[in-house]
Number of protein chains: 2
Amino acid sequence: MRNPRADSVIQVKGDRQPSEGRPKRQRNARGQGARLTEDIVSGALALIEREGTDEAVTLRAVAREIGIAAPSIYAHFPDRATIMLAVVARVFDELTQAILQARAVAGDDPVERLVAGCEGYVAFGLRGPARYRVLFSERRLGLDDSWRDYCEPFEIGPDGSPVLAFGAESFALLVQALSECIASGRSRSTDAMADSTAIWVALHGTVSLKTAAPGFPWPEPDDFVRQFVLRLARIMPEPPT
Amino acid sequence: MRNPRADSVIQVKGDRQPSEGRPKRQRNARGQGARLTEDIVSGALALIEREGTDEAVTLRAVAREIGIAAPSIYAHFPDRATIMLAVVARVFDELTQAILQARAVAGDDPVERLVAGCEGYVAFGLRGPARYRVLFSERRLGLDDSWRDYCEPFEIGPDGSPVLAFGAESFALLVQALSECIASGRSRSTDAMADSTAIWVALHGTVSLKTAAPGFPWPEPDDFVRQFVLRLARIMPEPPT
DNA sequence: GTTCTTACTTTACAACCGTTAGCTCATCTG
DNA sequence: CAGATGAGCTAACGGTTGTAAAGTAAGAAC
């Protein structure tokens with residue numbers, strides 16, 4: 001059994017330059033090198049939205065996207081995982097803004113504000129399914145502590161990863177909205193944390209399943225969301241007169 | 001600007017045989033060739049559970065896993081997507097069995113049966129997060145009609161893909177369980193379909209988020225599930241005497 | 001004007017991947 | 001026993017990826 005174990009490789013192949021195809025990006029000015037860091041994150045995000053999956057984010061693909069050479073990324077990020085972490089941080093920020101904006105146009109009624117925020121969450125997710133998916137799909141494996149240098153200083157979970165620390169801001173908005181309903185006597189919830197968690201779970205499930213199974217006979221989204229939010233938030237059937 | 005466009009490649013590399021490392025699988029008997037089809041699906045599933053992601057399923061990895069040569073797969077599946085489809089079909093089947101089993105030990109009370117099925121769903125998901133994830137993460141793209149030859153004959157969605165046809169069985173169990181609660185006067189739901197959808201969405205969200213964010217302060221799972229199922233199913237506070 | 005430094009490139013390597021073409025070898029059929 | 005056929009193999013092509021090493025262009029500092 002002659003096993004050609006010695007995998008000898010002679011490869012005479014040149015990588016394509018970044019200049020071909022894509023518009024070549026012009027070099028940053030002297031002090032502005034950090035600007036490329038932002039562009040890398042933007043490029044990765046654009047790639048995700050265009051291709052529909054985060055698997056499209058490879059160092060080379062990102063480099064092509066923004067018109068630089070692949071190894072140039074190493075000056076800004078140590079590896080792919082850290083790029084993705086920065087992407088996640090940015091998308092969580094966008095999510096928080098979307099919720100705040102939806103809530104802002106909802107008036108003063110605490111229940112309406114709660115519902116509006118939830119509808120905003122779902123609308124955000126459905127507006128960019130791939131972008132939303134990265135929030136909770138990152139296997140944060142093989143990721144050392146260097147993420148601290150590239151993201152805001154978040155708290156660390158018990159397993160040493162930044163886990164939900166990212167979503168904390170959005171989740172806090174939800175807890176706060178429910179608490180206001182409780183305080184104003186509109187909800188008979190006795191555990192804002194647990195009930196917020198239930199709402200969050202349902203919101204996430206809605207986005208996740210609606211994008212994964214578009215063929216399912218889904219009810220009209222806003223009313224569907226409203227109905228389950230009211231029940232999970234233990235909103236009273238009749239407002240107190 | 002001399003651009004070495006002509007990417008001439010001289011590659012003198014031999015692939016590794018499947019025999020090295022892995023235990024070489026012994027050839028199937030004459031009529032039993034189809035047995036490898038099952039083994040390929042099992043191998044892909046094992047790979048998913050071990051590596052934690054379906055990205056680990058490459059033709060070569062599956063071949064290594066079960067001790068065959070990569071090209072041998074082509075006699076059984078035309079491409080990776082079809083293998084994944086068969087995996088999804090099998091996992092959905094496992095899910096249905098898990099729900100049925102959980103329900104079987106729940107006694108006769110329709111509410112308890114509903115809750116037990118839901119807890120079974122969540123327990124199944126948490127028992128094998130990667131396995132569960134494939135159910136709803138497959139981008140069914142670039143997948144021609146040949147899936148019909150490898151899975152049970154499912155209905156086709158409006159976009160020509162088998163989409164939710166897979167989960168239909170599990171979902172039907174849920175609708176049925178809720179309908180029994182309605183019929184026995186324990187639920188005041190007037191739309192079993194919509195309320196089942198809400199429950200499904202919450203169940204999926206629970207599994208998805210609990211595995212994605214294990215660092216979050218999750219409530220005890222069974223009670224958490226029971227609480228939101230009762231509310232979403234519009235179960236009466238007091239059983240009728 | 002020389003030197004230093006920043007912000008990148010180019011080139012190359014080693015390891016994967018899917019897929020094709022053609023081969024081997026045991027077993028069943030006549 | 002001859003031949004067909006099923007079941008799986010080897011070898012190879014052309015492509016992808018991450019990443020190391022070394023090179024270069026332009027502006028700032030002296």
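Letters go in sequence order (proteins before strands), and every chain restarts at 1.
- A cation-pi geometry, defined here as NZ or CZ lying under 6.0 Å from the six-membered ring centre and within 45° of its normal, does not hold between B/Arg127 and B/Tyr132.
- Side-chain contact check for B/Asp79 and B/Thr82: at least one donor-acceptor pair (N or O, by modelled atom type) lies under 3.5 Å.
- Rounded to a whole Å, the CD1 atom of A/Ile40 is 12 Å from the C1' atom of C/dA7.
- Judged by distance alone with a 3.5 Å cut-off, no donor-acceptor contact links the side chain of A/Arg80 to the base of D/dG18.
- B/Ser137 and A/Arg133 are not linked by any side-chain donor-acceptor pair at a separation below 3.5 angstrom, with hydrogens and angles left out of the test.
- Of the candidates C/dT11, D/dG8, D/dG18, D/dG8 carries the atom nearest the B/Leu36 side chain, counting heavy atoms from C-beta on.
- Here C/dT9 is the nucleotide among D/dT17, D/dT10, C/dT9 with the atom lying nearest to any side-chain atom of A/Ala69.
- The side chain of A/Pro71 sits closest to C/dT9 out of C/dA21, D/dG18, C/dT9.
- The nearest whole Å value for the distance from the CZ atom in A/Arg64 to the P atom in D/dT16 is 7 Å.
- In this model, the phosphate group of C/dC8 is not approached by any side-chain N or O of A/Arg35 to a distance below 4.0 Å at OP1 or OP2.
- One can place CD1 of A/Ile68 at 14 Å from C1' of D/dT19, the figure rounded to the nearest angstrom.
- Not one side-chain nitrogen or oxygen of A/Arg60 sits closer than 4.0 Å to the OP1 or OP2 atom of C/dC16.
- For A/Ile73 and D/dT19, the CD1 to P distance is 10 Å, given to the nearest whole Å.
- Between C/dT20 and B/Tyr74, no contact under 4.0 Å exists linking OP1 or OP2 to a side-chain N or O.
- The separation between A/Glu55 atom CD and C/dC17 atom C1' is 13 Å, rounded to whole Å.
- Look at CD1 on A/Ile83: it is 11 Å from C1' on D/dG18, rounded to the nearest Å.
- We find that CG of A/Asp39 is positioned 14 Å from C1' of C/dC8, with the value rounded to whole Å.
- Side chains of A/Ile66 and A/Leu36 form a contact here, defined as non-hydrogen atoms less than 4.5 Å apart.
- Put simply, the residue from A/Val225, A/Val207, A/Leu203, A/Leu209 that forms a side chain to side chain contact (heavy atoms under 4.5 Å, CB included) with B/Val201 is A/Leu209.
- Residue B/Ser72 is classed as a base contact, given a heavy-atom separation below 4.0 Å to a base.
- In this structure, CG of B/Leu47 is placed 14 Å from C1' of C/dC16, rounded to the nearest angstrom.
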